A.B. asks: 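Once you've had a glance at the structure underneath, I'll fire off some questions.
The structure displayed is predicted, hence computed values, not measured ones. Chain letters run A, B, ... following the sequence lines, proteins first and then strands; every chain starts at 1.
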Number of protein chains: 2
Amino acid sequence: MPDDTRDKLLDAAQDLVQRVGANAMSYQHLAQVVGIRKASIHYHFPTKADLLEAMVGRYHKRFMEHVSEVRSGGGTGGERLAAYLDLFASTLRESDGSKLCACGMLGAEVATLGTEMAAVLNRFYEANHRVIETLLREGAADGSVSVPGDVAVTARVVFGALEGGMLVARTADDPAGRFGQVAQELLTLLTLAPLHV
Amino acid sequence: MPDDTRDKLLDAAQDLVQRVGANAMSYQHLAQVVGIRKASIHYHFPTKADLLEAMVGRYHKRFMEHVSEVRSGGGTGGERLAAYLDLFASTLRESDGSKLCACGMLGAEVATLGTEMAAVLNRFYEANHRVIETLLREGAADGSVSVPGDVAVTARVVFGALEGGMLVARTADDPAGRFGQVAQELLTLLTLAPLHV
DNA sequence: GTCTATAGCGCGATAGAC
DNA sequence: GTCTATCGCGCTATAGAC
């Protein structure tokens with residue numbers, strides 16, 4: 001049953017974190033969205049830290065499921081890299097330019113969230129670094145990607161550009177369009193010729 | 001007189017914003033740092049929005065003064081670009097890996113800060129895009145930089161990679177070291193051969 | 001599993017003395 | 001320009017009824 005109260009709370013928490021951040025998200029806001037009283041939330045998640053950690057755990061798992069689909073997709077490494085970049089673009093596109101990656105948002109607030117959350121976020125970042133590194137290596141092997149330097153560090157450049165690109169794009173007139181250009185240019189930098197996906 | 005109460009308040013506000021964000025920064029925290037009572041802050045900045053806008057205005061002005069020094073520095077365009085990247089690296093370096101760019105942090109929180117702050121942040125981002133674009137063009141002209149695509153969009157890739165790179169690096173063991181590698185790899189991607197600055 | 005009620009605190013902001 | 005005192009609100013969290 002995917003839509004019991006617990007899942008609805010996680011849905012609402014994720015949506016609010018992506019839009020306004022964890023510090024600006026309250027049990028009162030969640031209660032209004034889900035349609036229960038705020039005290040009832042403590043039955044499902046005793047503390048706010050519990051709620052945030054459960055939300056990030058689910059987010060990480062779901063994100064990696066999308067990544068698996070991308071990785072099992074056809075085409076060249078460069079084309080699969082483009083599909084991976086589009087996972088980030090779709091977040092902006094489907095929220096009218098108002099949602100960040102949940103883990104990017106929480107990364108900004110990490111100093112207020114405790115060491116356990118910092119470790120969880122770092123795990124998400126490192127998992128993505130490994131995914132990008134693999135895509136770059138596969139692209140280099142099939143000739144669709146060209147990396148002039150250290151592949152592992154380049155993967156971190158790409159991930160940072162995605163997280164930061166979303167953040168910066170959000171204040172522009174057309175965030176999704178802006179970010180789409182940035183993602184395309186990132187591909188141009190990493191491929192011998194521009195890809196069209 | 002650079003250190004009257006107003007400036008001390010702006011110093012403390014900037015430090016807290018860079019570390020924990022605007023939503024986690026309170027008048028009480030500022031009062032403790034500066035050594036006055038929290039009610040006294042309202043004499044200098046009637047509302048928190050006033051304080052944040054003054055802080056960002058000063059931050060923007062000071063940052064562009066550093067940029068001017070970089071731009072009037074010698075060397076190739078690529079070397080001046082490296083010096084510009086180091087403005088961001090130095091923030092992490094000099095804070096033991098705990099401070100972000102103030103405008104990057106506020107960008108994450110923009111949904112809670114009102115439309116005026118969104119406009120102010122966008123102005124900072126666009127100003128930096130123009131600086132990077134100019135440095136890339138100068139580097140292309142003297143042969144030290146190679147941009148395989150649109151220079152203006154590439155400038156946005158670079159800026160996003162800096163803001164996001166700082167954010168992601170903060171959860172790592174050695175944030176400044178990690179970010180330094182990312183900045184160096186960014187240069188490698190944009191130059192025909194790695195620069196050593 | 002959800003409710004009402006409330007504790008206890010921190011917040012931004014204001015009034016008015018000095 | 002800074003102080004004390006206070007207002008009113010929102011917050012996380014808990015107790016105990018149903």
A.B. asks: Are Met64(B) and Leu136(B) connected, step by step, through hydrophobic side chains (Ile, Leu, Val, Met, Phe, Trp, Tyr) whose heavy atoms are closer than 4.5 Å?
C.D. replies: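 Both belong to a single hydrophobic cluster.
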A.B. asks: Hey, what's the ring geometry for His42(B) with Tyr27(B), parallel, tilted or perpendicular (30° and 60° as the breaks)?
C.D. replies: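 Correct class here is tilted.
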A.B. asks: Do the ring centers of Phe88(A) and Phe179(A) come within less than 6.0 Å of each other?
C.D. replies: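 No, the ring centres sit 6.0 Å or more apart.
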A.B. asks: Using atom CG of Leu30(A) as one end and atom P of dA13(D) as the other, report the distance to the nearest whole Å.
C.D. replies: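 After rounding, the reported distance stands at 12 Å.
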A.B. asks: Using heavy atoms to find the nearest nucleotide of DNA chain D for Ala22(A) and Gly35(B) separately, return the residue whose nucleotide is more 5′.
C.D. replies: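 Residue closer to the 5' terminus by nearest nucleotide: Gly35(B).
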A.B. asks: Using whole Å, report how far CD1 of Ile41(B) lies from P of dT4(D).
C.D. replies: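 Ile41(B) atom CD1 is separated from dT4(D) atom P by 13 Å.
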A.B. asks: OP1 or OP2 of dG10(D) less than 4.0 angstrom from a side-chain nitrogen or oxygen of Ser26(A), does that happen here?
C.D. replies: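 For dG10(D), neither OP1 nor OP2 has a side-chain N or O of Ser26(A) closer than 4.0 Å.
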A.B. asks: Report yes if at least one side-chain N or O of His44(A) is closer than 4.0 Å to OP1 or OP2 of dT2(C); otherwise report no.
C.D. replies: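 Yes, within the criterion.
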A.B. asks: Just the rounded figure in Å: distance from P of dG10(C) to CD of Gln32(B).
C.D. replies: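 Checked: the CD to P distance equals 10 Å.
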A.B. asks: Set out, in order, the CA-CA distance, both residues' side-chain angles and the distance that settles salt bridge (Lys or Arg N to Asp or Glu O under 4.0 Å) for Arg178(A) and Glu126(B), then state yes or no.
C.D. replies: CA-CA 12 Å; Arg178(A) 276 283 176 128; Glu126(B) 291 301 319; 3.3 Å; yes
A.B. asks: Just the rounded figure in Å: distance from P of dC3(D) to CD of Gln28(B).
C.D. replies: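 Going from CD in Gln28(B) over to P in dC3(D) covers 12 Å.
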A.B. asks: Can you find a pair of side-chain heavy atoms, one from Gln184(B) and one from Asp150(A), that are under 4.5 Å apart?
C.D. replies: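 No, their side chains stay 4.5 Å or more apart.
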A.B. asks: Just how far, in rounded Å, is P of dG1(C) from CG of Leu9(A)?
C.D. replies: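 Rounding to the nearest Å, CG of Leu9(A) and P of dG1(C) are 12 Å apart.
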A.B. asks: Phe45(A) has an atom CZ; how far is it from atom P of dT12(D), in whole Å?
C.D. replies: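 My rounded result for the distance is 14 Å.
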A.B. asks: Rounded to the nearest angstrom, tell me the gap between atom NE2 in His42(B) and atom P in dT2(D).
C.D. replies: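 Computing the His42(B):NE2 to dT2(D):P distance gives 14 Å.
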A.B. asks: Side chains of residues 97-108 of chain A: which donor-acceptor partners sit under 3.5 Å, not counting sequence neighbours?
C.D. replies:
unit_1	atom_1	unit_2	atom_2	d
Ser98(A)	OG	Arg19(A)	NH1	2.6
Ser98(A)	OG	Ser95(A)	O	2.6
Lys99(A)	NZ	Asp15(A)	OD1	3.0

A.B. asks: Pairs under 3.5 angstrom, nitrogen or oxygen only, protein versus nucleotides 15-18 of chain C, please.
C.D. replies:
none

A.B. asks: When you measure from the side chain of Ser40(A), which nucleotide among dC3(D), dC11(C), dT2(C) comes out closest?
C.D. replies: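 Closest nucleotide among those given: dT2(C).
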A.B. asks: With hydrophobic residues grouped by side-chain heavy-atom distances under 4.5 Å, do Val153(B) and Leu81(A) end up in a single group?
C.D. replies: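 No; tracing contacts between hydrophobic side chains, which count when under 4.5 Å, never links both residues.
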A.B. asks: Measure up the Tyr59(A) and Phe63(A) rings against each other and bin them: parallel (under 30°), tilted (30 to 60°), perpendicular (over 60°).
C.D. replies: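 Ring orientation, 0 to 90° scale: parallel.
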A.B. asks: Give the ring-plane orientation class for Phe124(B) versus His60(B), where under 30° counts as parallel, over 60° as perpendicular and anything between as tilted.
C.D. replies: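 Rings of Phe124(B) and His60(B): perpendicular, as their planes differ by over 60°.
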A.B. asks: Map Lys38(A) and Tyr43(A) onto DNA chain C by nearest heavy atom, then report which one ends up closer to the 5' terminus.
C.D. replies: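 Result of the comparison: Tyr43(A).
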A.B. asks: With salt bridge (Lys or Arg N to Asp or Glu O under 4.0 Å) as the criterion, how do Arg156(B) and Glu185(A) come out once you've worked through the C-alpha distance, each side chain's angles and the decisive distance to 0.1 Å?
C.D. replies: CA-CA 9 Å; Arg156(B) 287 196 248 126; Glu185(A) 188 66 41; over 6 Å; no
A.B. asks: Once you apply a heavy-atom cut-off of 4.0 Å, does Tyr27(A) come out as touching a base, just sugar-phosphate, or nothing?
C.D. replies: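 Here Tyr27(A) touches the backbone only, sparing every base.
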A.B. asks: Within this structure, what is the CZ-to-P distance between Arg37(A) and dT6(C), rounded to whole angstrom?
C.D. replies: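 After rounding, the reported distance stands at 14 Å.
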A.B. asks: Where along residues 47-55 of chain B does a heavy atom fall under 4.0 Å from DNA chain C?
C.D. replies: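 Within residues 47-55 of chain B, the residues near DNA chain C are Thr47(B), Lys48(B).
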A.B. asks: Is the phosphate of dT2(D), meaning OP1 or OP2, less than 4.0 Å from a side-chain N or O of Thr5(B)?
C.D. replies: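 Yes, such a contact exists.
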